[in-house]
Structures are given as C-alpha cells and as structure tokens.
Protein chains: 2
Amino acid sequence: MTEDVRIAEIAALVGDPTRVNILAALMGGRALTASELVYAAGVSPQTTSGHLAKLADGRLIACVKQGRHRYYRIATPRVAEMLEGIMAVAVDAPARHRPRSKLDDAMSNARTCYDHFAGKLGVGLTDVLATRGHIVLADEGGEVTESGAAFFGKFGVDLAAAHSRRRIFCRPCLDWTERRPHLGGSVGAALAQRCFDLGWLERARDSRALSITKAGQRGLSETFGLSL
Amino acid sequence: MTEDVRIAEIAALVGDPTRVNILAALMGGRALTASELVYAAGVSPQTTSGHLAKLADGRLIACVKQGRHRYYRIATPRVAEMLEGIMAVAVDAPARHRPRSKLDDAMSNARTCYDHFAGKLGVGLTDVLATRGHIVLADEGGEVTESGAAFFGKFGVDLAAAHSRRRIFCRPCLDWTERRPHLGGSVGAALAQRCFDLGWLERARDSRALSITKAGQRGLSETFGLSL
DNA sequence: TTGAAACTACGGTCGTGGCCGAAGCATCCC
DNA sequence: GGGATGCTTCGGCCACGACCGTAGTTTCAA
C-alpha cells in the first residue's frame, strides 16, 4: 500500500513545529520571502532553508524567484484546506496543557485565513450574513441564497466570476480563536478581496493580523452593522 | 503560539507509516481489535500497542474495552475528514515514484471510506445521482435536490433523521483510486447504511473492501443502473 | 487453579532527522 | 570590480522516537 507512505510523508512534513510555524505564516495568504520566513520559523536561515526545500519538494508550498528574493506560498487551495482540517482537529482536542496563550488582540480581532477572513471579523461577518438570510451554513457545506446573491452583487462581489455553476456553495472553516465557523471557500475569498479593494482593511507587515481602516470602520458598521 | 505545537503533534501522529496503516485500516469504518490492527500495522504487537496508545492519547482514535478485547475506532468524524484532506493532497501530488501498486480489485471496486462508499461503487453511485439531478455537487459542497429528497425517501433513506435543517448538504470526498469525488458526509453515510441494511453489500473480514451480494447486483442494477 | 489469549509496560539498540557553523552561489548596488 | 544581501549546500553533533525481546497484567475457558 504505497499510498500510505505518501500520506505519512505529507503528514510528517506538517508534523514539525518549525515547519508549522512556516506554514502558519504562509496561511496568511501572502507569498513571503525566505528571510521573512526565517523570522516566522524561529530558527537559523540554513535550517529554514532546509525546511523550505522539504516543503517545496513535497509540493506543499511553491516558490517563485524574483530578483534575489524567493517568494514562497501555499501551493494549492487543497493544501490550505488540509491545514484547516488539521487545525480543526487540533482545536477541538481538550485543553491538555494549553496555557491559553494571549495572542495579540489584533490577531484574534481580524486576520486572514489563507484567502478569507477569520477572527472576530470573519465570524462576525458570517453571523450577519447568516442572520440576514444571505447565506445558509451547515456542518458540511453552505450555500448563497438568492437574496445573498443580490446582496453580494450590490456590494461589488462578482460571484459569477468565481463560479460557472448555477448554485453557489461555500465552505465553513472552523475558527481556531473563536471556535466557531466562518465563511471560507471561494465566496469567503471573494468577499475578503472586495473588502481589501474597498480599502477597508490593511495587512500588517509581519503578521497575519489585519488592521481596520477608518473607511473600514464606517463601511463595516453601515453595511454589516459590525463594530470591532 | 502554542497552537502551532498542537498542530504539529497531530500531524506528527499521522506522519508515521505504521500509524497510517493503522488509521487507514480504521478508516474502513469498523472498530477493530488491537490484534487485528497488529496485522494491519505490519509490526510487532508491542510496537502496535505503543502506537495505539499514542494515537489514543492524541485523541485521534478512541478505545472501548469489551471482555479481553479492546476495540479501537476513529475518534470523531472530524478526524476522518482531516485524514481525507491529507489523502486528497497525497493523491494529487504528481507521480514521483509511485509504482501504481495494483491493490486488489475488490478494494478498488468497492470499499468503505469511514462511513460511506468509495471506489468504483462510490463514484458510480455519485455519478448516477448527479446525472439524474438528485444531488448537485460542486468543489466546495453539495446539496440534495427536491427530486433527490423524494428519491432517497422512496429508497428508504431517512434524511430528516440526519438533518434537522431544511437544506441537506453533502460533502464531496476525493477518491484516491478513482481520483474523482464521491458522495460523503451524512448523506453518503445514510446511503451506505441503507445499502448494508438491504443486504446488498458485505464487509470483507480483514479489509476495507466490500463484496457485492447477489441481491446487491440486482438492486444496484435496477435502482441505479450500475453493474460492477 | 492452571493455562492460554489479549494486551501493555520496560529497557536497550539504532537510524532518521533537526539543528547550527562554515562555506558557497546568485543577485543587486555603488 | 568590490562589497553587501539573500539564500542554499555541506558536514558534524545530538536527541527523539520506532523497533523488538522480555516480562507483566487482565480476562476468559476448562
């Protein structure tokens, strides 16, 4: 059963704390240079380089050269989903000895999760959309309703571009700070992109955290009734 | 970031070929004794016992004592989903040196994938249901249509029991032999259960493979137009 | 009570792999 | 060209963990 070996290889790649640091940083959705990842990994440049080579060899991350920089990113959405799946299991495992690390407020407030929003922002948006009947979420999937399609259209999110099919599904993604699902998948990605385009949010320099701009404060309040 | 460590712990548990053998065996959906898992693992009883203890400690598997036997099973559906996610990544990684192991025909023909069908049977059923408009599948999710709900009802699958909500979603699960999605989630599980109840399929003794009974041949042909 | 089966705990061996220091390419800037 | 920056390769050290042999505990049957 040689498939099993391949599965173990993939899992073993994720099974190292240093590499998880790297992958977690890349789950911010941006491509990062090796130097930036050295910081995220918390080990020497040589060691980081070795880890990056392993991850790239296993096709978990991809690399593009640009001048003397090398930008690394999560290879495919499927890899991102796999990581989300592992996180979901890691989160709902009982306390053990997790001293509830007080990760900074910005991070738990708003951050990116590969290509969509997470944290209080992500969960808040999802709640509002569900309450207003724009989306329907269940454990295994979700769907954008007719009113939702209209709303997204008016908001400037082009769902048709993301989906050639008639029905628009969306994937719930378990939030590891809020421990509740938030909107993921292509719909979540499109929504996030639109918010960036509107200038409502800005990425922090060395973190997955997001800062909400003045325009964002106003926009989120007016459009979604959210104040963060 | 102590969450990262927990993620690495989980992944590291899956990152050992022997433990993958064990988990893969348990992905058949049945609870198995330690002895049976010794066979699946391919190592000594002592070593297997150690692995089982680690997996149980990490909450990936659960154990119930019954007489002098200990039955192990996948702990939660979420763990099963995580494993499916890892498999999906392992599968779509390019060839490398995978000598296309000719796993026995029975296995690729019909097998269980945690709680639903996979292999030619799983993919075939899914195709038929989709073609007839009983389900709609997309990359990120799926849904049972009205005609589908009627069909399942007539077939004896009680979808209402599985879902209190109005809409019935279903999860596509990437098949690692067929490399195409098959019907997973609660709908897939309910469908599989009904087929077992009808006596259409029987589990093999020491494998995830399924054998199709005479009644199953007839039933699958009449109801779904499938001949395997 | 004796024996067998199922399973686990302990102790020791050994290989894999993470880590860093030193050194080597590649690219950019002055 | 010279030097700095970005990143990788090489070599050696060390620890973690997978493995098995031996031995122990629990459960069942006779």
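Residue numbers start from 1 in every chain, and the chains themselves are labelled A, B, ... in the order their sequence lines are given, proteins ahead of strands.
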_Using a 4.0 Å heavy-atom cut-off, does B/Y71 contact any base of the nucleic acid, only the sugar-phosphate backbone, or nothing at all?_
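No contact.
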Do the side-chain N or O atoms of [X] get closer than 4.0 angstrom to the phosphate oxygens (OP1, OP2) of [N]?
{"X": "A/H51", "N": "C/dC19", "value": "yes"}
{"X": "A/T18", "N": "C/dG18", "value": "no"}
{"X": "B/K54", "N": "D/dG17", "value": "no"}

Just the rounded figure in Å: distance from [atom2] of [N] to [atom1] of [X].
{"X": "B/N21", "N": "D/dC19", "atom1": "CG", "atom2": "C1'", "value": "15 Å"}
{"X": "A/L13", "N": "C/dG17", "atom1": "CG", "atom2": "P", "value": "10 Å"}
{"X": "A/E9", "N": "C/dG17", "atom1": "CD", "atom2": "C1'", "value": "14 Å"}
{"X": "A/Q66", "N": "C/dC28", "atom1": "CD", "atom2": "P", "value": "10 Å"}

*What pairs of residues pass the ring-ring contact (aromatic ring centres under 6.0 Å, His included) test when at least one of them lies in residues 184-208 of chain A, not counting sequence neighbours?*
A/F117-A/F196, A/F155-A/W200
*Restricting to pairs with a member in residues 20-63 of chain B, which pass ring-ring contact (aromatic ring centres under 6.0 Å, His included), not counting sequence neighbours?*
none
Listed partners of [X] passing side chain to side chain donor-acceptor pair (under 3.5 Å), at least two apart:
{"X": "B/T33", "answer": "B/E36"}
{"X": "B/R70", "answer": "none"}
{"X": "A/H182", "answer": "A/H116, A/D175"}

*Indicate whether the side chain of B/R59 and that of B/T76 have a donor and an acceptor atom separated by less than 3.5 Å.*
no
*Mind checking salt bridge (charged side-chain N to carboxylate O under 4.0 Å, His left out) for B/D127 and listing every partner two or more places apart, or none if nothing turns up?*
B/R180
For nucleotides 1-6 of chain D, list the nitrogen or oxygen atoms of the protein found under 3.5 Å from its nitrogen or oxygen atoms, one pair per line.
from: D/dT5; atom 1: O2; to: A/R68; atom 2: NH1; distance (Å): 3.3
from: D/dG6; atom 1: O3'; to: A/R68; atom 2: O; distance (Å): 3.3

*Using side-chain contact (heavy atoms from CB on, under 4.5 Å) as the criterion, list what pairs up with A/R171, not counting sequence neighbours.*
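A/R171 satisfies side-chain contact (heavy atoms from CB on, under 4.5 Å) with A/E81, A/E84, B/E140 once adjacent residues are dropped.
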_Heavy atoms within less than 4.0 Å of DNA chain D: which residues of residues 39-49 of chain A have one? Give them sorted by number._
A/P45, A/Q46, A/S49
